[in-house]
Amino acid sequence: MERTMGRPMKYVVVTGGVVSGLGKGVTASSIGVVLKACGLRVTSIKIDPYLNTDAGTMSPFEHGEVFVLDDGGEVDLDLGNYERFLDVTLTRDNNITTGKIYQSVIDKERRGDYLGKTVQVVPHITDAIKDWIGSVSSIPVDGNDGPADVCVIELGGTVGDIESMPFIEALRQLSFSVGKDNFCLIHVSLVPVIGVVGEQKTKPTQHSVRELRALGLTPNLLTCRSAQPLGTSTKEKLSQFCHVPVENILNIHDVPNLWHIPLLLRNQNAHEAILKQLNCVSIATPPDLVGWTKMAELYDNLTGTVKIAMVGKYTGLTDSYLSVVKALLHACVACFLKPSIEWIAASDLEDESARTTPEVHNAAWESLKSCSCILVPGGFGDRGVPGMILAAKYARENKIPYLGICLGMQISVIEFSRFVLDLERANSDEFDSATPYPVVIFMPEGSKTHMGSTMRLGSRRTFFKDADCLASKLYQNSSFVDERHRHRYEVNPDFVNRLEAAGLKFVGSDESGKRMEILELKDHPYYVGVQFHPEFKSRPGKPSALFLGLILAATGKLQAYLGRLPDDTANFRIELLKIEA
């Protein structure tokens, strides 16, 4: 549906209360899905109130994974949810942080743009926030021309946090300036059950809404998180004390999988309430969520599983590898399987662990050996590297399907250099600057002193050097592929010939031929390493080619799939069905 020129942008703002981690990102993404299903074009903005300019220097333990966009933006993982759910391509400016806003205002002050005025939070910071929202919301993200119809804005954190106050005030001003027909506020809150009685408690939500209203914002809809569906009396009580109509109180209770959430919202007529608030009923169509329904039901009915070893550094927090987990899910569902991920801390595989914690060491190796495939994801620093090398060695020697991503590719090069080329001290410059065999080196254009925005970032083109290689076939016999990068170190081109002569083939490189992007091992069912991050572009129903290859190899179906590879990528599930049959 084309957006009529001159029609004002409609804003749907999602805030959260009571506690963090309620799933505001998934809620905002699901609202976008439902509105998109109504024929509207949707874009998204995530506001993170922290002072960091972006998420690039934050530890995965601190804030989950760093999601990378096509333009090289290092952003909050919620933007990954938006891209996966809405199938859009966002920009770095779709992630607003306090650091970005203050930096832009201070830069203006230094240039003299404020003409000597005293620069204050109100109006200068709040104006900068509103200007940023207005500017970014008009950028098309779905491949079509012209701005979207609706911009879904998620405000990170919890209402009442000190750091989010300027954003709350800016959103209050925005609601006034754009008018009530162009602004819809949805507040996500928690309705807990306390004690054995099982009564759903509304008081936390009442207090959260009271706090929000005291700041000048009144929610149009309430989205309540709970373990079980809300009772009628609970909704009536919330309506009475929060000044929200009963029909505008939505409930997102626990569901078997996240793909049910857009359906849950649709079934509660969330789209009707939002469209009515935004005065968009006349331009919208009934929501078409047939595809989402099939996908959610397919997953619920799957019985088979495939066991995947995830050997990494940040296994204590699964959000550290959220996009990898989602890419595995997409690939497994395409193969009519559920993923069963064995989280293995790389350090537990090491010889040192055998000496200090033998039980943990033995359990880690038993877990690894019980899996049908091994995945070593990206990471920084030397912790756990010896364990990853041992995992890569085990996969190579025992012909276990292996996928190494970024650091995981470098690990496979180090392992091969040590145990096949007999370069005992082969290593990466990152881990040992004195190694006599630096098979992985620092990339020339980076900076060793500044951590932020110094990496090779964003979408880069990889050219296949061998049209007959496995990776090219998985990418539908393409001569090149565009994938997203996030790294500082790369395979040393001086060692490439020696590695290839021994059987480790570099089948993909950049346009110069000097940066190695994809490696494959001869005479192995599936041993692939990639310098880029294929997980960032995986989508439900459109899994990453290399993740799909890993799961097919783990289940013994890769050669059958390659033998009947369709020309049209949309038909690959049909081919998988034939193989299944």
Side-chain angles (χ1 to χ4, degrees), residues 9-25 27-28 31 44-51 76 78 95-102 105 119-134 136-137 151-192 201-225 237-245 248-250 273-274 277-278:
M9 176 64 67
K10 308 288 187 177
Y11 295 100
V12 176
V13 176
V14 179
T15 60
V18 183
V19 294
S20 60
L22 284 177
K24 291 191 304 297
T27 302
I31 289 166
S44 296
I45 293 175
K46 172 66 187 297
I47 296 175
D48 283 304
Y50 48 66
L51 276 169
D76 184 83
D78 279 319
N95 191 193
I96 304 174
T97 68
T98 299
K100 286 180 180 178
I101 295 296
Y102 273 78
V105 170
V119 180
Q120 298 175 292
V121 173
V122 180
H124 301 100
I125 294 295
T126 52
D127 283 352
I129 294 167
K130 289 186 294 179
D131 291 345
W132 196 302
I133 289 172
V136 173
S137 63
C151 178
V152 179
I153 303 172
E154 178 195 348
L155 175 60
T158 305
V159 169
D161 294 344
I162 292 174
E163 59 262 32
S164 65
M165 290 302 181
F167 294 102
I168 293 281
E169 173 59 19
L171 292 170
R172 184 196 66 77
Q173 294 178 21
L174 181 69
S175 69
F176 182 74
S177 62
V178 302
K180 64 179 182 179
D181 286 349
N182 299 311
F183 191 91
C184 178
L185 179 61
I186 302 175
H187 189 60
V188 181
S189 186
L190 176 69
V191 177
K201 296 295 184 179
T202 64
K203 195 64 73 177
T205 299
Q206 291 179 43
H207 284 297
S208 181
V209 171
R210 185 179 303 160
E211 176 95 26
L212 192 59
R213 296 180 71 207
L215 296 170
L217 287 171
T218 299
N220 303 109
L221 289 87
L222 276 181
T223 301
C224 301
R225 287 283 290 111
K237 192 172 182 181
L238 284 169
S239 175
Q240 180 181 2
F241 288 101
C242 298
H243 299 270
V244 176
N248 285 10
I249 296 177
L250 310 173
I274 297 170
Q277 174 63 32
L278 296 176

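Source: prediction; values computed, not measured.
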At their closest point, which heavy atom of [X] faces which heavy atom of [Y], and how far apart are they?
X	Y	result
I125	P166	CG2-CB, 4.2 Å
G216	R172	O-CG, 3.5 Å
A28	V14	CB-CG2, 4.1 Å
P219	H187	CB-CB, 4.0 Å
T158	S20	OG1-N, 3.7 Å

Within a strict 4.5 Å, meaning less than it, do heavy atoms of the [X] and [Y] side chains meet?
X	Y	value
L221	L250	yes
E154	I47	no
M165	L215	yes
V13	I186	no
I101	W132	yes
I168	L155	yes
C242	L222	yes
L278	Y11	no

Report yes or no: does [X] contribute a side-chain atom to a donor-acceptor pair with the main-chain N or O of [Y] at less than 3.5 Å?
X	Y	answer
N182	V178	yes
D127	H124	no
K24	G17	no
Q277	F183	yes
S208	P204	no
D161	E163	no
T126	V122	no
K180	S175	no
S164	F167	no

Taking atom types as modelled and ignoring hydrogens, do the side chains of D48 and N95 form a donor-acceptor contact shorter than 3.5 angstrom?
-> yes
So, H243 and T218: side-chain donor and acceptor under 3.5 Å apart, yes or no?
-> no
Option among L238, V188, V244, I249 that satisfies the side-chain contact (heavy atoms from CB on, under 4.5 Å) test with T205 | L238
Look at atom NZ of K237 and say whether more than 12 heavy atoms of other residues, nucleotides or ligands are closer to it than 6.0 Å.
-> no
